Amino acid sequence: MKLLKSQIEQKTGSGWAALLPEEPEDMWHAYNLIQEHDLIRAKAVRRVSKTSDAGSTSSQRIALDLTITVTYTDFDVGSGQLHVSGRVATENEYVKIGQHHTLDLELNRKFTIEKAEGWDSVALGQLKEACDASRRAQLWAVVLGEGTANICMITEHQTILRQKIEIAVPRKRKGGVDGHTKGMDRFFSTTLSTLLRQMDLPNATTSPQEKTLPLLLASPGFVASAFLTYIKAEATRTTNKPLLALLPHITIAHSSSEHIHSLNEALSSPAITNKLSDTKFSRETALMDKFATMMRLDDGRAWYGPREVERAVDKGAVGRGGGVLLINNALFRAQNVGERRRWVRLVDRVRDVEGGEVRVLSEAHESGKRLEGLGNVAAILTFPLEGLDEDDLGYLLKIFNLLSDIRHASELDISLSLLNISIV
Amino acid sequence: MPPKSGFSRARNVDYDDDDVYDDEDYYDEGGQNAEAEDAMTADDKEQMRIGTIRVREALGNMSDSTSDQKIQEALWHYYYDVSKSVSYLKNKLGTEVKKEKTKPISRFDQAASVADQNAPTTTGMSTHVHVSHVKEPARPAAHRLPLRSISIPTNAAATDFFWDVPWGNVPFNRRGIITVDAPHYKGALLGGSSKLAALAAKRRKEREDAEAAAPKVDSDADSAIAMLDKLSVRTKENNNPSRQSRYLVRRRSPSPVLEAPKEPETEEPEVPQPAVVIESPAQRASASLFASTLCGTDAAAKQPPLQLPDLSMPLAAHQSYNTMDAFSGPSPDDIKRKSKLANGDLAESVEKLAVADEPRTKSKNLNVVDVFEKSGMKRMANFVVLGHVDHGKSTLMGRLLYDLKVIDQRSIDKLRKEAELIGKSSFALAWVMDETSEERSRGVTVDIATNYIETEKSRFTILDAPGHKDFIPNMISGASQADFPVLVIDASTNSFESGLKGQTKEHILIARSMGMQHIIVAVNKMDTVAWSKARFDDIVKRMTTFLTEASFLEKRITFIPLAGLTGENVAKKIENSAGHWYSGETLLEALERIELPQRNVRKALRLSVADVFKGDMRCPLSISGRIDAGTLQVGDVVLALPANETATIKSIEVQDAPVDWAVAGQIPTLHLTDIDPVHLRQGDIVCAPKEPVKLVKAFTSKLLAFEPVLPMPVEVFRSTLNSPGSIRTLSARLNKFTGEVVKKKPRIVKPGEVARVVVQLERELPIEEGMRVVLRERGRTVGAGLMENVA
Ligand SMILES: Nc1nc2c(ncn2[C@@H]2O[C@H](COP(=O)(O)OP(=O)(O)OP(=O)(O)O)[C@@H](O)[C@H]2O)c(=O)[nH]1
Ligand SMILES: [Mg+2]
């Protein structure tokens with residue numbers, strides 16, 4: 001995304017930014033940036049009916065700049081289309097204030113956003129990330145098993161399932177493996193043709209400058225390597241130049257299943273991390289792995305769930321020296337403004353007050369989905385804590401105990417703040 | 001070359017060789033085809049594909065003797081005109097078939113007659129036939145091309161298609177050719193595969209039954225029968241010499257194999273006689289699709305009704321084609337009517353339909369439970385062979401089959417030679433089970449291999465599971481069909497130990513959590529430790545500890561020291577004096593003795609689909625899987641879930657032999673009609689339409705954790721079903737013994753703990769209370785659960 005112009009006040013965060021989405025991924029960013037109540041200004045096409053002096057009405061499509069107050073956003077992951085609905089906020093010749101309109105944000109068409117609540121740290125972070133011009137990692141991945149293949153596009157922030165292929169492959173049967181062999185051939189040929197259609201390989205001669213994206217094949221057992229063998233054979237047989245050119249960009253990795261959630265494993269496998277070390281998704285995957293490992297140790301240094309994590313932060317356990325807050329960006333899209341504020345505050349506190357590390361995960365990646373299963377927030381603590389998951393009464397009792405042997409005022413402060421939170 | 005895909009086993013060195021091999025393979029096969037395909041548009045290809053299927057169907061059993069290429073050439077020439085291509089091919093084949101097929105036929109016939117006798121003997125022969133067959137020049141080209149199995153035409157499609165086929169309007173002389181060709185079908189039918197042969201036998205029997213049941217056949221039919229008789233006599237004369245000689249060969253070679261007594265199959269003894277009788281059913285068989293077209297799919301589902309329309313068909317052609325048209329009138333209605341029917345009265349209304357259509361078949365309406373209980377059937381048991389990779393499971397089973405003469409010496413020699421060729425001679429016995437090229441070249445079992453053995457007292461189904469951790473999904477689907485496991489352990493130094501950390505352990509946990517209570521532990525490769533009693537005792541001690549921890553009762557564990565490669569203590573007691581310290585059972589004796597779980601024959605039908613394939617030319621699809629509860633019989637209408645589509649059981653096979661019914665505990669193959677293949681896939685449940693399984697999107701489960709459990713994505717296994725899902729919430733940690741809630745909403749469930757969790761599925765699937773599930777994450781089995789209720 002290109003930042004065309006912005007005017008944001010450091011102190012209050014009020015102001016606007018004019019943005020130009022340039023690639024499909026930018027729609028995802030826009031989706032995450034635009035909140036309910038924000039003001040969005042963009043080109044719109046609107047049908048207006050005019051009543052002439054003679055009294056006849058004529059209907060006409062007019063392109064005009066519209067500003068709306070957002071009520072609802074709708075993002076289609078597959079096509080990357082973003083529809084922003086709202087009410088017209090500034091009147092003009094054709095539309096009145098308060099009328100409904102849905103803006104379809106499009107690539108290479110600029111829009112301006114003004115945050116209703118001002119630009120908080122998270123919004124600014126998102127804006128920065130969205131406009132980071134450095135070349136982003138992208139790759140194709142096929143997770144497959146016998147008869148099932150998931151063709152995915154993995155970008156910096158999203159894992160997009162482009163096509164799921166399911167072909168009935170008969171299993172091996174006593175005295176006859178023909179059905180199985182034929183089934184596998186059919187499966188491979190369907191998968192390859194679908195993949196090629198999806199990848200839309202650049203024709204090497206016409207656009208040599210376009211980079212071929214790497215392709216990852218992951219499967220349990222030997223399916224991925226058998227598929228690679230098939231691709232090779234097919235490339236040579238058909239002397240398909242773009243396909244031949246793709247061959248060196250294919251990597252094989254292991255996954256424990258053909259299901260898309262196994263992408264995680266493939267992405268954290270050495271074969272991949274060596275090639276694409278510093279990508280958002282490999283960092284996030286590694287982080288979730290680390291969290292899961294600590295969770296399994298069960299030594300009280302890994303916690304998940306909103307309440308538990310907030311309590312851990314309150315106790316100062318997610319700070320300098322290894323404290324990590326993992327939070328899904330879905331939380332910042334909360335419809336409820338208060339809810340969003342709650343998470344922004346937590347992030348700010350960990351980062352600015354506690355000195356811990358904050359990682360905003362994209363829930364459009366598999367690692368983010370895992371975090372989603374854990375309640376969208378998790379934390380790695382600097383020291384073990386127990387009982388964060390106790391219900392409020394038990395928790396209160398604990399705090400009373402704590403209060404009873406208070407010696408310093410500062411401790412009292414902390415305890416009181418804990419008390420406050422649990423009462424609220 | 002790609003990296004070695006995460007397998008750390010040394011054997012993968014073969015990898016590159018295969019690639020080369022595969023490439024060549026591909027060129028050979030694809031070569032001739034390539035140009036044609038390049039020049040073809042997608043439309044053309046589709047037409048070609050459909051055309052090929054149709055031609056194959058029209059050719060019936062004859063199609064076995066022609067390659068796809070020939071068919072496609074013919075289609076190309078005739079601009080996809082199926083009927084022209086068919087008659088061209090038939091003419092051509094009529095002359096060619098004789099010389100081309102002589103050699104294979106004799107082998108086929110052997111296989112067929114073996115199949116005719118009984119199940120166990122079939123295996124060796126058909127395996128053998130298959131292997132030798134691949135070398136035929138016509139074959140490989142055919143087997144690469146996506147045919148037959150592609151999109152199997154539904155009955156509706158068949159209806160369309162058959163209107164073109166010149167049954168009704170060919171000049172009489174050409175029709176004559178068709179009938180004269182009949183003996184060739186017949187030859188192929190008998191020999192084509194053991195299944196077809198078995199079916200022929202079944203049809204024969206059914207025809208007899210039907211004749212007995214419906215004596216009032218109308219005059220048309222009568223004359224038709226007469227005509228057919230004439231035909232069959234004539235054709236028999238024509239082919240007499242060759243057939244006689246084939247019979248001799250057929251009868252001779254397999255007979256010594258027959259040691260085990262077989263189930264009384266009435267047709268068995270009088271083989272030369274039935275040969276004549278079979279002929280007419282064989283002819284009918286090829287026309288039956290047409291018949292089904294005429295009479296509507298419902299009628300087609302029942303076998304006996306097929307015969308009459310079949311017979312009357314040539315007559316109809318003589319008289320007026322229009323009568324047939326009128327005849328076919330009701331069928332679309334029937335179809336519609338049927339599809340409109342709610343699950344409720346389906347069975348009943350289908351019966352009505354059958355009655356209305358023709359005076360002949362319906363389901364025999366057996367009281368299967370009674371019949372089963374009175375049948376005095378042999379004890380039947382299914383066991384799954386488990387254990388860590390390379391511990392010798394397949395070899396042990398190959399040995400068992402060999403020693404019981406299910407596999408003959410010649411086939412073994414052949415396998416051995418082939419295995420030697422790629423430097424894997426030690427795998428010859430394993431290759432009996434490992435049949436795919438991938439499995440053979442890598443020396444690893446990938447998917448369950450099914451085989452049958454029979455002893456005096458029992459009939460066993462062997463399910464040889466893969467040991468490699470990547471194939472545990474397949475292992476689970478195999479184990480879910482078994483009554484008890486045979487755990488194979490490699491006694492050699494370190495192997496046992498590494499297995500214990502690996503899949504020996506995981507397999508045991510899975511088997512136990514599926515409810516299996518008895519276990520045979522085959523302490524294998526004892527030859528490599530010189531039959532050391534100390535080693536055996538040590539393994540027994542450690543395994544006993546482990547198994548009792550996994551809650552197997554000690555008295556239900558049987559340990560046997562044996563060697564699969566050499567065969568000691570498998571079917572025969574050890575002769576080597578080094579092993580005389582052991583005087584217990586052989587593996588076979590233990591298999592005979594082991595106690596079997598109760599069969600739920602009286603409950604509602606539940607069959608978990610293990611495989612969907614095209615096993616019968618005349619059925620859109622066939623499925624196999626274990627009947628977990630209830631019974632079924634030919635003619636039954638069953639409901640496939642989650643598709644919620646009904647199908648009619650056209651025929652049933654158990655252990656490769658046709659039967660009229662099957663009961664819980666058996667693993668039948670069902671040939672289905674009235675259903676589109678898209679509606680069935682592995683993991684589906686086939687049940688009685690009146691007592692369907694509920695579809696659920698989420699359910700609570702009591703879960704025993706083997707690994708730490710968090711809310712996380714998992715793979716959910718329910719017998720043969722494998723679906724992505726997730727553990728949504730950890731509701732409570734439970735007391736292991738009382739089931740009381742110990743802690744609400746635990747943040748983690750640790751190994752060994754029992755918890756109540758909510759499992760979310762990716763889509764609605766048939767799972768009901770009391771069903772067992774296994775949850776896996778990242779290739780590890782994290783827990784086993786019992787479905788409690790819908791969440
Ligand atoms: N010495 C000896 N070797 C054996 C014995 N049984 C099997 N083997 C060898 O062990 C190797 C593996 O045998 P398989 O039967 O393929 O093992 P498996 O357990 O079926 O392997 P997977 O199905 O891949 O898990 C082969 O080389 C066999 O020859 C035995 O009793 N003694
Ligand atoms: Mg094996």
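What you see below is based on every heavy atom in this structure, not just the backbone, and it leaves out hydrogens, waters and symmetry mates. All values reported here derive from a predicted model rather than from experimental measurement. Proteins come first, then strands; the chains are lettered A, B, ... in the order of their sequence lines, and each starts at number 1.
- Legend: residues meeting side-chain contact (heavy atoms from CB on, under 4.5 Å) with A/Ala149, ordered by chain and number and at least two apart, are A/Val142, A/Leu144, A/Ile165, A/Phe187, A/Thr191.
- The shortest side-chain heavy-atom distance between A/Phe222 and B/Val446 falls under the 4.5 Å cut-off.
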- [ ] Test B/Arg778 against A/Asn264 for side-chain contact (heavy atoms from CB on, under 4.5 Å), laying out the working first.
- [x] CA-CA 9 Å; B/Arg778 295 203 163 198; A/Asn264 244 328; 3.5 Å; yes

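- Using a 4.5 Å heavy-atom threshold, the side chains of A/Met295 and B/Arg747 count as touching.
- Within the model, atoms CH2 of A/Trp303 and CD1 of B/Ile748 stand 10.0 Å from one another, a figure rounded to the nearest 0.5 Å.
- Taking the centre and axis of the six-membered ring of B/Phe613, the NZ or CZ atom of A/Arg173 falls inside the cone set by 45° and 6.0 Å.
- Between chain B and the residues A/Leu371, A/Asp289, A/Val169, the most heavy-atom pairs under 4.5 angstrom are made by A/Asp289.
- Contact count versus chain A (heavy atoms, under 4.5 Å) is highest, among B/Ser723, B/Pro708, B/Pro746, for B/Pro708.
- Only the side chain of B/Glu762 comes within contact range of chain A, with at least one heavy atom under 4.5 Å from a heavy atom of that chain.
- For B/Ile462, no part sits under 4.5 Å from any heavy atom of chain A, backbone or side chain.
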TODO: Would you please test B/Asp470 and A/His254 for side-chain contact (heavy atoms from CB on, under 4.5 Å) and show each step?
DONE: CA-CA 9 Å; B/Asp470 270 23; A/His254 180 261; 2.6 Å; yes

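- Of the atoms belonging to B/Ser726, not a single heavy atom falls under 4.5 Å from chain A.
- For B/Lys744, no part sits under 4.5 Å from any heavy atom of chain A, backbone or side chain.
- For a residue to count as touching a neighbouring chain, one of its non-hydrogen atoms must lie under 4.5 Å from one of that chain's; by this rule A/Glu372 does not touch chain B.
- For B/Arg776, no part lies near chain A; criterion is any non-hydrogen pair under 4.5 Å.
- Within the 4.5 angstrom heavy-atom criterion, no atom of A/Glu366 approaches chain B.
- Taking B/Glu439, B/Glu715, B/Arg681 one by one and counting their heavy-atom pairs under 4.5 Å with chain A, the maximum is reached by B/Glu715.
- Heavy atoms of B/Gln682 lying under 4.5 Å from chain A belong exclusively to its side chain.
- Under the side chain to side chain donor-acceptor pair (under 3.5 Å) criterion, A/His261 pairs with no residue at all, not counting sequence neighbours.
- Salt bridge A/Arg370/B/Glu777: present, at least one basic N to carboxylate O contact under 4.0 Å.
- For the side chain to side chain contact (heavy atoms under 4.5 Å, CB included) with A/Lys172, the lone residue among B/Asn474, B/Thr450, B/Asp434 that qualifies is B/Asp434.
- Neither the backbone nor the side chain of B/Val709 has a heavy atom closer than 4.5 Å to any heavy atom of chain A.
- Under a 3.5 Å cut-off, the side chain of A/Lys174 and the backbone N or O of B/Ala449 do not form any donor-acceptor pair.
- Interface remark: B/Pro466 contributes no atoms to any contact with chain A (heavy atom separation under 4.5 Å).
- Judged by distance alone, with hydrogens and angles left aside, the side-chain atoms of A/Arg171 form no donor-acceptor pair with the main-chain N or O of B/Ile448 at under 3.5 Å.
- At distances below 3.5 Å, not a single donor-acceptor pair connects side-chain atoms of A/Lys369 with backbone N or O atoms of B/Pro713.
- By number of non-hydrogen pairs under 4.5 angstrom with chain B, the leading residue of A/Ser262, A/Gly305, A/Ser257 is A/Ser257.
- The nearest pair of heavy atoms linking A/Ser256 to B/Gly779 is OG-N, 3.0 Å.
- Side-chain contact between A/His180 and B/Asp447 is absent, with no heavy-atom pair separated by less than 4.5 Å.
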TODO: Assess whether side chain to side chain donor-acceptor pair (under 3.5 Å) is satisfied between A/His259 and B/Asn722, documenting all intermediate values.
DONE: CA-CA 10 Å; A/His259 306 308; B/Asn722 164 8; 3.2 Å; yes

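- The contact between A/Ala302 and chain B is made entirely by backbone atoms, counting heavy-atom distances below 4.5 Å.
- Only the side chain of A/Ala226 comes within less than 4.5 Å of a heavy atom of chain B; its backbone N, CA, C and O stay farther away.
- When every heavy atom of A/Tyr304 is checked against every heavy atom of B/Pro711, the shortest pair comes out as OH-CD, 3.2 Å.
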